[in-house]
Amino acid sequence: MKIADLVSMLTVDGAPMRFEAYDGSSFGPLDAAFTLQLINERGLRYLATAPGDLGLARAYVQGDLVLHGAHPGDPYEALRCLGGWRFRRPTPTEARVLLREMGWRNLLPPEPPAQESLPRWRRVMEGLRHSRDRDAQAIGKHYDVSNEFYEKVLGPSMAYTCAVFPKPDASLEEAQEEKFDLVARKLGLERGMRLLDVGCGWGGMARHAAANYGVQVVGVTLSAAQANWGAAAVERDGLSQQVRILHSDYRDAPGSGYDAISSIGLMEHVGVGNYPAYFAFLKGKLRDGGRLLNHCITRPDNKQDPMPGHFIDRYVFPDGELTGSGRIITEAQNAGFEVRHEENLREHYALTLKHWCANLVRNWDACVADVGEPTARVWGLYMAGSRVGFETNGVQLHQVLAVKTAESGDAMFPLRPNWGS
């Protein structure tokens, strides 16, 4: 039995794209827009020993599974097509046939790609999940890839979080500027205030708040590469008297009595079990009437397992965890915050990812030179797949605005929101 025969046998309702294998067999429509080509035996072993997204990712990242008809920097259309390919489990009799036809050698897993993190059970040797050391390793895995690479993908804003598009045809830079300004308006920033920006990334929010609202800012990030880039940008922009970017765990952020805290894209790394401590810590950093803006990716409900799929966990965000906005609001309230506003920006994140993929395609050769083709393929796959997830409501992006209300009940909050659209 040929490889394509095995694929055909387990396919339900036909293949939405063509499949070709190194043994000369093929399956699927000849006029398909996309073709999956299995190049070699190692690719087959990846697929056979890790069914699902992990095996596909391993073969794709190594170049053993080639996707024709789509650029590796933006395989969005192909992933939407691939999402319609449905498989069934083999019957016991079919499973025996598959084992016989494939041979035992193909059931021995090859060495995973160098870009892959250890499985969760092996990471225990590196410390408990969300301990300080393990968090630092996980953050470094993702954010210390290459500042030059991120400059090419993210653009001048160096903002690696959901933008806010004032209109559908706004540029990525306009949308990231609007995101920072929306956060500043929700926080009610005014000249002379003090802002703590936890998980500050490359310092975009800190610099925007200082330059446009005249506030004093402390930004903290666990990524050394981000901290170095952000500190240089602060110096370049002439904001050294207003902004400090620290290479630090957010739990070591200095000072107290802040007027506002922005947390943009940090909570995905905190761990759901640590939400009570996270919110209690941030509440302790604020003055009465101080505001917290929490901006993070969420699940569409509060019932799903917070752990990500194997591809995201091994290749993108090791130890990342997501839950629904209801759980986030509940934990904020349980910590003593008064939640005043929340909104879902998932369509904006889909647009953001579209722009990032376009940047990766445009700068593909330079990005490959920076990080290597396997890593560049990981980012194209991750960003295009995430775009599909946001468009189909598989994931969401919520901003939750909360206040440390005084014991008297005074939230020092306007009668109606005054930050506009």
**OP:** Hey, could you give me the NE2/CG distance between H247 and L222, rounded to the nearest 0.5 Å?
**Re:** 6.0 Å

Original post:
So H208 and Y213, would you call those rings parallel, tilted or perpendicular, with 30° and 60° as cut-offs?
Top reply: tilted

Original post:
Is there a donor-acceptor contact under 3.5 Å linking the side chains of E235 and S240?
Top reply: yes

Original post:
Heavy atoms, side chains only, cut-off 4.5 Å: are L401 and W419 in contact?
Top reply: yes

Subject >> Residue pair Y60 / D53, side-chain donor-acceptor N/O under 3.5 Å >> reply: no

Subject >> Nearest non-hydrogen partners of Y349 and T161, listed with the distance >> reply: OH-CA, 3.9 Å

Original post:
In terms of side-chain heavy atoms, does D197 have a donor or acceptor partner in S262 at a distance below 3.5 Å?
Top reply: yes

**OP:** Locate the shortest heavy-atom distance separating S26 from E20; write the atom from each residue and the value.
**Re:** CB-CG, 4.0 Å

**OP:** Check whether any side-chain heavy atom of L246 sits under 4.5 Å from a side-chain heavy atom of P254, and report yes or no.
**Re:** yes

**OP:** Would you check if the side chain of D305 reaches a backbone N or O of M307 as a donor-acceptor pair within less than 3.5 Å?
**Re:** yes

**OP:** Flag the pair E391 and R80 as a salt bridge only when some basic side-chain nitrogen lies within less than 4.0 angstrom of an acidic carboxylate oxygen.
**Re:** yes

Original post:
Which pair of non-hydrogen atoms, one from T375 and one from Q115, has the smallest distance, and what is that distance?
Top reply: OG1-CG, 3.3 Å

Subject >> Heavy-atom side-chain proximity of L108 to R45 below 4.5 angstrom >> reply: yes

Subject >> Between R327 and T330: side-chain donor-acceptor atoms closer than 3.5 Å >> reply: no

**OP:** Decide side chain to side chain donor-acceptor pair (under 3.5 Å) for W202 and N147; before the verdict, give the C-alpha distance in whole Å, the side-chain angles of both, and the deciding distance to 0.1 Å.
**Re:** CA-CA 9 Å; W202 289 272; N147 282 337; 2.9 Å; yes

Original post:
Under a 4.5 Å cut-off applied to non-hydrogen side-chain atoms, are F390 and T352 in contact?
Top reply: no

Original post:
Does a donor on one side chain sit under 3.5 Å from an acceptor on the other, for R86 and T11?
Top reply: no

**OP:** Establish, yes or no, whether a centroid distance under 6.0 Å links the rings of H269 and F317.
**Re:** yes

Original post:
Within 45° of the six-membered ring axis of Y258 and under 6.0 Å from that ring's centre, is NZ or CZ of R194 located there?
Top reply: yes

Subject >> Ring-face cation contact, Y76 with R387, 6.0 Å cut, 45° max >> reply: yes

Subject >> Check: Y315 ring centroid to Y382 ring centroid under 6.0 Å >> reply: no

Subject >> Side chains of L182 and Q399 in contact at under 4.5 Å (non-hydrogen atoms) >> reply: yes

**OP:** Taking the side chain as every heavy atom from C-beta outward, state whether E177 and D181 have any atom pair closer than 4.5 Å.
**Re:** no

**OP:** Please name the pair of heavy atoms, one in V7 and one in F19, separated by the smallest distance, quoted to 0.1 Å.
**Re:** CG2-CE2, 3.7 Å

Original post:
Among S325, C296, C162, whose side-chain contact (heavy atoms from CB on, under 4.5 Å) with H398 holds?
Top reply: S325

Original post:
Where do Q226 and T221 land on the side chain to side chain donor-acceptor pair (under 3.5 Å) test, with the steps shown first?
Top reply: CA-CA 7 Å; Q226 286 183 335; T221 173; 2.7 Å; yes

Original post:
Taking NZ, NE, NH1 and NH2 as the nitrogens, is one of them in K186 or E343 under 4.0 Å from a carboxylate oxygen of the other?
Top reply: yes

Original post:
For A206 and I245, which heavy atoms make the closest approach, and how far apart are they?
Top reply: CB-CD1, 4.2 Å

Original post:
Have Y278 and S263 got a donor and an acceptor in their side chains that come within less than 3.5 Å?
Top reply: yes

**OP:** Would you tell me whether Q37 and T35 have side-chain atoms, one donor and one acceptor, within less than 3.5 Å of each other?
**Re:** no

Original post:
Is there a side-chain contact between V153 and Y160 (heavy atoms, below 4.5 Å)?
Top reply: no

**OP:** State, with a plain yes or no, whether a side-chain heavy atom of H348 is found less than 4.5 Å away from one of K179.
**Re:** no

